[in-house]
There are 2 protein chains.
Amino acid sequence: MVLMAVRSDDEIRGDLSYLFDKASQALAVRMTAALAELDITPRGYCVLSKAMPGELTQGELAEIALLDKTTMVVTLDHLEGAGLARRTPSRTDRRARIVETTEEGDRVVANARTIIDGVYDEVLGVLSDEQRSVLLDALVGLVGAGGPLSTVEPTPNAPRRRSQRSSRSV
Amino acid sequence: MVLMAVRSDDEIRGDLSYLFDKASQALAVRMTAALAELDITPRGYCVLSKAMPGELTQGELAEIALLDKTTMVVTLDHLEGAGLARRTPSRTDRRARIVETTEEGDRVVANARTIIDGVYDEVLGVLSDEQRSVLLDALVGLVGAGGPLSTVEPTPNAPRRRSQRSSRSV
DNA sequence: TATTGTTATACTCTATAACTATA
DNA sequence: TATAGTTATAGAGTATAACAATA
C-alpha cells in the first residue's frame, strides 16, 4: 500500500518536513535506480569513493563515511565480494586493515560519478540558474556549519538502549 | 558511533543527496524533540490532525496520511491509549470504524501546530526573506506535481517481496 | 587496559499474509 | 467474492555486546 495521496503544491509549500522528506526519499530512489546498472548502491559508492585516495583503515573509513564499524564490515564484505575493493593488513598495526580499491573499483567509481552528476543535472535542471544557486546556498546555510540543521545530535532512528522499555509516546 | 565527520560547506554544496538527507533527518530530530513535550510523535500529530475534520474511516485516514493500514492500527492504538482519539463504528458499514479526535486531542493538535510553526520559523529564520521564498518555491518545483522528485514510485525502504533472495547488490 | 575488526544478536520500523466480520 | 480492520510475523536496516587478536 502507501501509494500516494496527492497533495496540492499550495498545501505542501507550508510543510517543510514533507518537502525535505520527499526530496530526500525521491532522490534516493532515483539514485539507487540509476546506480543499479553498475551493481552498486549509494552506500557502496560512498565508501568506495572515500577509500580511493587510499591508506585508510576500516575504522577511519567508517568515520568518514558516517557508518557504524559493524555496518562497514558488511559493506566491505559486499564490495570485496564484487571485486571492487580489497582489505590488506596494515604494516604498522597488525590489528588494522587498510582498504584499497581495485582497478575495477576505480572504474566503477568513475562511471558512478558520471551517473550521479547526470541525475543531479536532471533534477536541478527544472530550476532556473538563479533558483538553483539560491537553493543550494540556502540548503548549505541550513545544513552546513553552524546552521539550524547542522545537528550533531542523537541518532537518526530511535536509539535502543538495552531494555529500559520506554513508554512509547504517541 | 556514527558521530559526525565534519564536511566543509564547499564540499557539501555539491552533494545534493547529502543536503536533502541531512536536512530531512535533522529537521525530523528537532521536530520529534519539540513535540515530545506534548507526548506525541510527528506521525501521531499527522494522523490526529488529518482526523480532526472528522468522519474518516481508518482506511481513508491511512491513505491520506500515507500510512499502511497496519501501521495505522498501531498508531491509532497509541493515540487512543493516550486519550487523544476514539474509534467508533460507522453507521453505514459495520466493518468500518470512524476515527474521531477527543477534546484533549484537539487541544494537542492546536498546541502541536504552534510548536511546529515555531520550529519552522526558527529553522528558516536564518535565511533572508528572499532566500526563504526561493527555497520553498524551488522545493515545490522539485517535489510538487510534475517535478523530477514527485515520485509515485517504489517504496521508501527496500521492498521485501516474499523470498526471492535478490543477489544483494553492493 | 584499550583498540581493531568480527560475529552474534537485539531492536525498530514497516509491510505482507492470514484471519474475522461484515458487505 | 471482496473489503475493513486486526493479528502475527517476516524482512531490512542498523546498532549494541561480546570476543579474539594485537597494541
#### Entry: Residue T71(A), side-chain atoms from C-beta onward, closest of dT7(C), dT14(C), dT14(D)
dT14(D)
### Task
Can you figure out which of dG5(C), dA8(D), dA8(C) approaches the side chain of T70(A) most closely?
dA8(C)
### Query
Quick one: R86(A) CZ to dG5(C) P, roughly how many Å, whole number?
17 Å
### Task
Take the protein atom CG of D68(B) and the nucleotide atom P of dG5(D), then report the distance between them rounded to whole Å.
12 Å
### Query
How close or far is atom P of dT3(D) from atom CD of Q58(B), stated in whole angstroms?
17 Å
### Task
Using a strict 4.0 Å threshold on nitrogen-to-oxygen distance, state whether K69(B) and E63(B) make a salt bridge.
no
#### Entry: Phosphate OP1/OP2 of dT3(D) contacted by R97(B) side-chain N/O (<4.0 Å)
no
### Task
Would you mind classifying the nucleic acid contact of T57(A) as base, sugar-phosphate or nothing, using non-hydrogen atoms under 4.0 angstrom?
sugar-phosphate
### Message
Donor-acceptor pair, distance only, cut-off 3.5 Å: does the side chain of S133(A) make one with the backbone of D129(A)?
### Response
no
### Task
In whole angstrom, give the distance that lies between atom CG of L76(B) and atom C1' of dG5(D).
11 Å
### Query
For the residue pair K50(B) and L56(B), what are the closest heavy atoms and their distance?
O-CD1, 3.6 Å
#### Entry: For atom CE of M72(B) and atom P of dT7(D), their distance in whole Å
15 Å
### Message
Just verifying a value: how many Å separate T102(A) OG1 and E104(A) CD, rounded to the nearest 0.5 Å?
### Response
6.0 Å
## Note on the structure
Per atom distances to the R43(A) side chain, the nearest of dG5(D), dT14(D), dT6(C) is dT14(D)
#### Entry: Value in whole Å for how far the P atom of dA4(D) lies from CG of L61(B)
14 Å
### Query
Thinking salt bridges, do D77(A) and R87(A) make one under a 4.0 Å N-O criterion?
yes
#### Entry: Nucleic acid footprint by protein, nucleotides 18-23 of chain D - heavy-atom cut-off 4.0 Å, B for base, S for sugar-phosphate alone
---BBS
### Query
What is the distance from CZ of R91(B) to P of dA23(C), rounded to the nearest Å?
15 Å
### Query
Hey, are N111(A) and Y45(A) close enough side-chain-wise for a donor-acceptor pair under 3.5 Å?
no
### Query
Does any donor atom in the side chain of D68(A) or T70(A) lie under 3.5 Å from an acceptor atom in the other side chain?
yes
### Task
In whole angstrom, give the distance that lies between atom CG of L66(A) and atom P of dG13(D).
18 Å
